[in-house]
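Working notes, beginning with the structure itself.
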Amino acid sequence: MHLPTKINILSLSLLLASTANAKLNQLAKNAGKLYFGTATDNGELNNTQYVSILSDRREFGQLTPANGMKWEYVEPEPGVFNYTDGSVVANLATKNHQLLRCHNLVWHSQLPDWVPNTNWTKETLKAALIDHVTHEARHWASQCYAWDVLNEALNEDGTYRNDTFYAVLGEEYIKIAFKAAAEADPTAKLYYNDYNIESPGPKSTAALGIVTMLQEAGLRIDGVGLQSHFIVGSTPTIDQQISNMKSFTDLGVDVAITELDIRLLLPSNATNLQQQSKDYEASVGACVQVEGCVGITVWDFWDPVSWVPGVFAGYGDADLWFANFTKHPAYYGVEAALKNGTHKGFKG
Ligand code: G3I
């Protein structure tokens, strides 16, 4: 029998101590992931308690700007570029040595009026699209770990959303955007990002189709972002999330959980908070178990700044920290998933 030496016992106890005290990004890295991160926004950065948690690299190793890189802020008038808002979060991530997920280059929403209101031809819209993607991706080329090149292009039934880009250019607009992004920023990972593609179904199948369509055209796509805006008690199972992630990684692309939050019907109580903890544990546990899932981003970590109550009346408390900066039980569900994988589901 091999008897543990004193030095082995010492290093084992040091390891256990460091795991016991470790925070989410440290645990994610111990689990082989690149980061555990969060979205944030400029308006929140005057709260010192919030910023001290946000900037703690043991907790968050990655930031995503929730708004400042969107088209309406970056190119409010044709050919007029403004990087002020987006740079606030980008520069904070750089200062804190945190990875930056850049969000987003092309989306049907938060467009300035001139985009949907111009009387486009194929040629003029193609030129405007290339111009936007090229300028923006070049501007932050040294800072972005990844770009959400295209956001939410699909309807629930898996057909393409008939926004300005699709109506004028058809599927070609997706190739145009990814080609321009790859040329403008050769090092950022290029992602397609969407919601309701976290379990197998028509929308997820259509997202797989976007990956193969780009690959067959010889264009670069490196990953798919699974937004994961869920409702407590009705999230996909861990097995559904794992098998869905694997359907993407089987195509040779990464996946990431990019916008995780799990809203509950207010008020919160011991029962719904416990369920929320299990639901967070399942999603994070799925990522832990799939090698090609590179990291997890929550769509902000502090309830008062969540987008949820403004959009879903009666719902809230979707994040990991309550208004008074105490942690939800779900924080410990995430911690358990990162420490152990999870006890449910299969090993990938
Ligand atoms: O910038 C204006 C400000 O000038 C004005 O005074 C204020 C008054 O309401 O509104 C500000 O704009 C708001 C913006 O957030 C910045 O705070 C918009 O009204 C508001 O609609 C916008 O909401 C954002 C939402 O995207 C828009 O669809 C949320 O903060 C942002 O978290 C959310 O993020 C999206 C992802 O990009 C894509 N996936 C879904 C996710 C959640 O909706």
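Residue numbers run from 1 in the order of the sequence given. First listed ligand is number 1; within each ligand, the first listed atom is number 1. The figures here come from the full heavy-atom set of this structure, side chains too, leaving out hydrogens, waters and symmetry mates.
In this structure, His328 and Phe322 have parallel ring planes: the angle between them is below the 30° cut-off, well short of the 60° mark. The aromatic rings of Phe301 and Tyr50 lie parallel to each other, with less than 30° between the two planes, well short of the 60° mark.
No donor-acceptor contact under 3.5 angstrom links the side chains of Gln227 and Asp194, judged on distance only. A donor-acceptor pair shorter than 3.5 Å can be found between the side chains of Gln98 and Asn96. Side-chain contact check for Asp239 and Thr237: no donor-acceptor pair (N or O, by modelled atom type) lies under 3.5 Å.
Only the side chain of Asn151 comes within 4.0 Å of ligand 1, judged by heavy-atom distances.
For atom 28 (O) of ligand 1, a protein heavy-atom neighbour is present inside the 4.0 Å cut-off. Counting protein heavy atoms under 4.0 angstrom from atom 7 (C) of ligand 1 gives zero. Distance screen at 4.0 Å: atom 1 (O) of ligand 1 has a protein heavy-atom neighbour inside the cut-off. For atom 14 (C) of ligand 1, a protein non-hydrogen atom is found at a distance below 4.0 Å. By the definition of a contact as any protein heavy atom under 4.0 Å away, atom 40 (C) of ligand 1 is in contact. Distances from atom 32 (O) of ligand 1 to the protein include at least one heavy-atom value under 4.0 Å.
With Tyr195 as the aromatic partner, Lys203 meets the cation-pi criteria of under 6.0 angstrom to the ring centre and within 45 degrees of the ring axis.
Residue pairs meeting the ring-ring contact (aromatic ring centres under 6.0 Å, His included) criterion with at least one partner in residues 164-187, sequence neighbours excluded, are Trp71-Phe165, Tyr160-Tyr166, Phe165-Tyr173.
Under a 4.0 angstrom heavy-atom cut-off, Tyr195 registers as lying outside contact with ligand 1.
Of the candidates Asn67, Val305, Asp85, Asp41, it is Asn67 that places a heavy atom closest to atom 23 (O) of ligand 1.
Numbered from 1 in the order shown, with element, the atoms of ligand 1 that lie under 4.0 Å from a heavy atom of Glu259 read 36 (C), 38 (C), 39 (N), 40 (C), 41 (C).
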